[in-house]
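Structure record follows, encoded as structure tokens.
Remember, it's 1-based here, ligands and their atoms both numbered in the order they're listed.
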Amino acid sequence: MTFQNIKGTFDILPDAYTDEGGTRVAPSAEWRYVEDTVRDVMSRYNLDEIRTPILEPTELVARGVGESTDIVQKEMFAFKRGDTNYVLRPEVTAPVVRAFLQHHLEQRGGVQKLFYIGPCFRAEQPQKGRYRQFHQFGVEIMGTDDARADAETIAIMTAVYDALGISDTSLRINTLGRPDRREEYIDAFQDYLEPYADELSETSRRRLERNPLRVLDTKLEHEQAILQDAPKLIDFVSDESRAHYDRVKGLLADLDVPYEEDPYLVRGLDYYTETTFELESEALGAQSALAGGGRYDRLAEVLGSDEPVPAVGFAAGMERLFLALDAADVTLPGARQADVFIAALGEEAERWVFRTTQELRDAGLHVALDLKGRSLKAQMKEANRQNADYTLIIGGNELEAEEATVKDMKSGEQAAVPFKSLVEFLKEERSVEAV
Ligand code: HAM
């Protein structure tokens, strides 16, 4: 018997493959490329990286994300060991706020602009674009309620997709206002839905009781029709909230970031206040959200801070980003190829090659060799498979002459290069003809 990976998780391999659901799983080099691009964008926007543990206290997530959310109700991978309740983090915002408070990051001065890349875990029903272990990159800008932070967060998010050549995205934005006005909205919303109570699904009826705003998230067409004339959050928020929202929209226009207002956009996590947003791609089908986020001015206090820490952020799913890359037919650079493959003939040559490989690697070259004692033919085949720029052939004659036979794999030309100038030759990538 052999083992299989757990459903809803997947391996990232040196080569691309197709999973059971027919989705292409990108090779590790493409993941690296995307991560490098994310880091590059983050650095342009002057963000610092933060890395928090995969394991967090369950209570942090329950309180931070919210007891009534789907995540806390049914999607946490949580367990108890000894006296501690652990959860595999389902998202990274609550952990980042925990770390901010625990290490007094406000003492670094100014606004804290943080980003992260890493795995998250949710016990959802796996399907295309939805996994139990998935990967997020995200940003949290902490310590400012300035509308520029909201606009910058959104600009960073869209900049990543732009940098990767994904253009068929649409951005929806909304404002939830402050929680103190939300009760009023919820009352109006519940009143509005009252006459339709019998037409609502089980899920929506349950949400109406526990977490009414989530009813707006329904995917059922007949419910969407009912909701078409539902009261809008924007009509209930304070003048300051409206002014903040107007500033965010103005700044997005200044940055040429296109958006659509969606007065019914609510998000699946409880901590949001004021601005919320979601980036979607038509190409993704049912799981259309590439990324989402918003402002969460109260979360620090919910997690025990005496002082408010106004903040805004987003997180993006990497798996969905790859689906969007595929849909846009974007080809990413593959793995770095070997500079040189060294083929050895005979035991003495093998020892020389093994030692010399080390020297070439110390000099910074990407060197491949055979670790199996195969024939020259098999080694040349391997050099081809590895797409090496050059192949060195070392046998008895070469050892005697202290010269390597060097084959330029593109032109097929061969030349003899003295052992002592090998590094120089390979580093300068001189063409074989020039020797
Ligand atoms: P979220 O909307 O729950 O927000 O997740 C952000 C993104 O993670 C989604 O848009 C989606 O691309 C991806 N994602 C979520 N669940 C899965 C899954 N099961 N499989 C694959 N991808 C998934 C948050 O997590 C917030 N922390 C965002 C935020 C940061 N708000 C403020 N700061």
Fill in: atom 7 (C) of ligand 1 - nearest protein heavy atom and its distance
Ala315 O, 3.7 Å
Worksheet entry | Polar atom proximity, Arg130 to ligand 1 (N or O, under 3.5 Å) | no
Worksheet entry | Within reach of ligand 1, part of Ala291 (heavy-atom separation under 4.0 Å) | backbone
Worksheet item: Which of the atoms in ligand 1, numbered in the order shown and given with their element, are less than 4.0 Å from a heavy-atom of Glu140?
Response: 30 (C), 32 (C), 33 (N)
Practice prompt. Counting heavy atoms only, name the option from Glu75, Arg122, Arg295 that's nearest to atom 3 (O) of ligand 1.
Written response: Arg122
Discussion item. Below a 4.0 angstrom heavy-atom separation, can you tell me which part of Gln136, side chain or backbone, both or neither, approaches ligand 1?
Written reply: side chain
Discussion item. Taking distance alone, with N or O pairs closer than 3.5 Å, would you say Tyr296 contacts ligand 1?
Written reply: no
Worksheet item: Is the shortest distance from a Lys or Arg side-chain nitrogen in Arg295 or Asp297 to a carboxylate oxygen in the other one below 4.0 Å?
Response: yes
Practice prompt. Mind telling me whether Tyr161 and Phe137 have parallel, tilted or perpendicular rings, with 30° and 60° as the class edges?
Written response: tilted
Worksheet entry | Close aromatic pair by centroid cut-off 6.0 Å: Tyr390 and Phe341 | no
Worksheet item: What is the closest protein heavy atom to atom 13 (C) of ligand 1, and at what distance does it sit?
Response: Gly317 CA, 3.6 Å
Response to the item:
atom 30 (C) of ligand 1 sits nearest the protein heavy atom Thr93 OG1, 2.9 Å
Worksheet entry | Salt bridge Asp217-Arg214, side-chain N to carboxylate O under 4.0 Å | yes
Discussion item. Quick one about Ser68 and Gln73 (side-chain donor to acceptor, distance below 3.5 Å, no hydrogens or angles considered), yes or no?
Written reply: no
Worksheet entry | Which residue and heavy atom of the protein sit nearest atom 21 (C) of ligand 1, plus the separation | Gly129 O, 3.3 Å
Discussion item. Suppose I only count heavy atoms of Tyr131 and a 4.0 Å limit; which atoms of ligand 1 are within that range?
Written reply: 18 (C), 19 (N), 20 (N), 21 (C)
Practice prompt. Please confirm whether the backbone N or O of Gly22 pairs with a side-chain atom of Lys128, one donor and one acceptor, at under 3.5 Å?
Written response: no
Practice prompt. Evaluate the criterion salt bridge (Lys or Arg N to Asp or Glu O under 4.0 Å) for residue pair Arg89 and Glu56; output intermediate values, then yes/no.
Written response: CA-CA 6 Å; Arg89 66 180 188 194; Glu56 290 284 354; over 6 Å; no
Item to complete: Give the residue, atom name and distance (to 0.1 Å) of the protein heavy atom nearest atom 32 (C) of ligand 1.
Response: Gly313 O, 3.3 Å
Discussion item. Using 30° and 60° as the class boundaries, would you call the ring planes of Tyr192 and Tyr196 parallel, tilted or perpendicular?
Written reply: tilted
Worksheet item: Taking distance alone, with no angle check, do Gly293 and ligand 1 share an N/O pair under 3.5 Å?
Response: no
Worksheet item: Heavy atoms only: which of Glu124, Arg267, Glu91 is nearest to atom 4 (O) of ligand 1?
Response: Arg267
Worksheet entry | Donor + acceptor pair across side chains of Thr275, Tyr245 (<3.5 Å) | no
Fill in: Among Tyr272, Tyr271, Phe134, Phe314, closest by any non-hydrogen atom to atom 18 (C) of ligand 1
Phe134
Practice prompt. Check whether any heavy atom of Gly138 sits under 4.0 Å from an atom of ligand 1.
Written response: no
Fill in: Reference residue His244; test side chain to side chain donor-acceptor pair (under 3.5 Å); the match among Asp239, Asp150, Asp145
Asp150
Worksheet item: Can Gly268 be said to touch ligand 1, with heavy atoms closer than 4.0 Å?
Response: no
Discussion item. Are any of the N/O atoms on Leu290, whether in the backbone or the side chain, positioned under 3.5 angstrom from an N/O atom of ligand 1?
Written reply: yes
Worksheet item: How far is atom 11 (C) of ligand 1 from its nearest protein heavy atom, and which residue and atom name does that atom have?
Response: Arg320 NH1, 3.4 Å
Worksheet item: Taking the six-membered ring for Trp, is the centroid-to-centroid distance between Tyr272 and Tyr296 below 6.0 Å?
Response: no
Worksheet item: Taking atom types as modelled and ignoring hydrogens, do the side chains of Gln133 and Thr9 form a donor-acceptor contact shorter than 3.5 angstrom?
Response: no
